[in-house]
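The figures here come from the full heavy-atom set of this structure, side chains too, leaving out hydrogens, waters and symmetry mates. Keep in mind that what you see is a predicted model, and the values were worked out from it rather than measured.
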Amino acid sequence: MIRDIRIEEFDYPLPDERIARHPLEERDSCLLLLKEPDGKLSTRRFTDLPSLLPDDSVLVYNNTRVINARLRFRKGSDGSGALIEIFCLEPRDPSDYAVSFASTGRCSWICFVGNSKRWKDGELTMRLTIDGTPLTLSATRLSREGNASVVEFSWDAPSVTFSSIISAVGEIPIPPYLNRSTEESDSADYQTVYSHIDGSVAAPTAGLHFTPRVLEAIDRRGIPRRELTLHVGAGTFQPVKSDTIGDHEMHSEFIAVPRELIARLAESERRVIAVGTTSVRTLESLYHLGCRIHEGLDANVLPQWYPYSETHPGLDVSESMKSILARLDADGLDTFVASTRLMIAPGYRFRIVRGMVTNFHQPRSTLLLLVSAFLMQRPGAPSWRSVYDYALAGDYRFLSYGDACLFL
C-alpha cells in the first residue's frame, strides 16, 4: 500500500558543503544530470538542454513570482520593542491573489508569526513612504489556524496597494536550509526569468537555471513553450515527520491553467516536459480534477489520495481535459482555477508528464517521493538513490541554488 511507504527509505546523507548557498554567476552554466529513457546517466551542462529535448516535446513551466512575503515589525510606538516577523502565506480576505495584491486600505492573510509569544494582542505598526506617500501600516492578529494566524493589514493611504507595500518593505523569503539571511542579490536570483504572476513564497527552483539564451535556443528548435501557475506555499519546505507517508498531510496550493493549454493537452500528442515539481503537480492535478468533474464531484480542491482511489474513473487524458473545457465554457471562463493537495509517491501512475526538469531535493521530502515515483515508471530504470549517489559522487550542488536534472 502506498500509504504504508516509510519515509526513512527516502533519507540520504547530505553534507552541508554540498548545499549551494548562492547560484552560479551564469545560471545556465550549472551541471545537468541527464537520465535517458534507457536509464543511462550522464553529466551535461544546462546550456545543452535545448538539444536534449525530444523533437515532439512541449515544455511547460510555472510562471509564478515570489513575493516579498516577510514583513518585520517592532513593538512599541517608538519601534524599540521586540521584533515580530510576519510571513504571508496566502490571502484570506479577499482570497483571490490578484485582488488581494490590488487591495487598498486593508486585506487579511494567513501568516506564520515569528516571536509569536511576544505579540499576544494589539496592533503592530510601521511607518513608511511609498512613492512619496507617507503612511502607517498596521497588523492585527484576528485568529489562529493551527500553527498559523489570520492577520489583518490596514493602512491609511487609500491610493497605495498591498502589492506596493510588500514590494517596498517586505523581504524575499529564501529557504531556511540556506542558513543565511536574505541578501539584496536574492531579489533577482530567487526569481525565474519568466516569472510574472505574484503569489509564491518559494521559487519553483528548477526554473532558476533558464536564461533568455536557453529559451531562445528552445524556440529555434521549434519546441513550444507553455505557462501555467502554481503558487508555491511554505509547505514545500516541510519534511515528512510521520513514519509513514499515509500520516502526512499535504499542504494546499493554488493552481491556474489557461484554457489554451488545456485544449492543447486534449488534442496534442506532443510529449509534455514539465519544468519543476510544481509544474508536474499542476499538470497531474489537472488530469484528476477533470476526472472529478466527470464524476460530478467537487473540483475546487484535489484531495491528496484521490488518484489512488479504487473507484477512480481512469479517463484518458483527452476525456479529462474535455470535462474541464466543458466546465470553463459553462462558466464563461478562460482559466481553470483550483487548489491541489496531490501526493505523488512511488506507485503513482503519471497521466500527462513524460519528462521532467528538476533540482536535487531535501532528504525525507515529498519532492523526493515525487522524483522516485517518476523514475520507477520504467522497469530497470535507476532508482532515486542511484541518481543521487551519482550526483554526490560527481560534485553536484544541491537544493534551490544547486544543479539540475533532466529525466526523460
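- Between the side chains of H312 and E295, no donor N or O sits under 3.5 Å from an acceptor N or O.
- The closest side-chain donor-acceptor pair between T43 and Y396 falls under 3.5 angstrom.
- At least one side-chain heavy atom of Y287 sits less than 4.5 Å from a side-chain heavy atom of L315.
- Under the 6.0 Å distance and 45° angle rule, R106 does not count as a cation-pi partner of W155.
- A salt bridge links D56 to R271: at least one charged side-chain nitrogen sits closer than 4.0 Å to a carboxylate oxygen.
- Here the side chains of L71 and I166 are in contact, with some heavy-atom distance below 4.5 Å.
- Between the side chains of T340 and S285, at least one donor N or O lies within less than 3.5 Å of an accepting N or O.
- Every residue two or more places apart in sequence or in another chain that forms a salt bridge (charged side-chain N to carboxylate O under 4.0 Å, His left out) with D16 is listed here: R21.
- Taking F336 as the reference, nothing meets the ring-ring contact (aromatic ring centres under 6.0 Å, His included) condition, with sequence neighbours excluded.
- Salt-bridge formation is detected for the pair D11/R364: a Lys NZ or Arg NE/NH1/NH2 atom is positioned less than 4.0 Å from an Asp or Glu carboxylate oxygen.
- T192 and Y61 share no donor-acceptor pair across their side chains, judged by distance under 3.5 Å alone.
- Remark: aromatic rings of W109 and F101 are close, center separation under 6.0 Å.
- Proximity of V58 to R264: side-chain heavy atoms (C-beta onward) are nowhere separated by under 4.5 Å.
- There is a side-chain donor-acceptor pair under 3.5 Å between S116 and R141.
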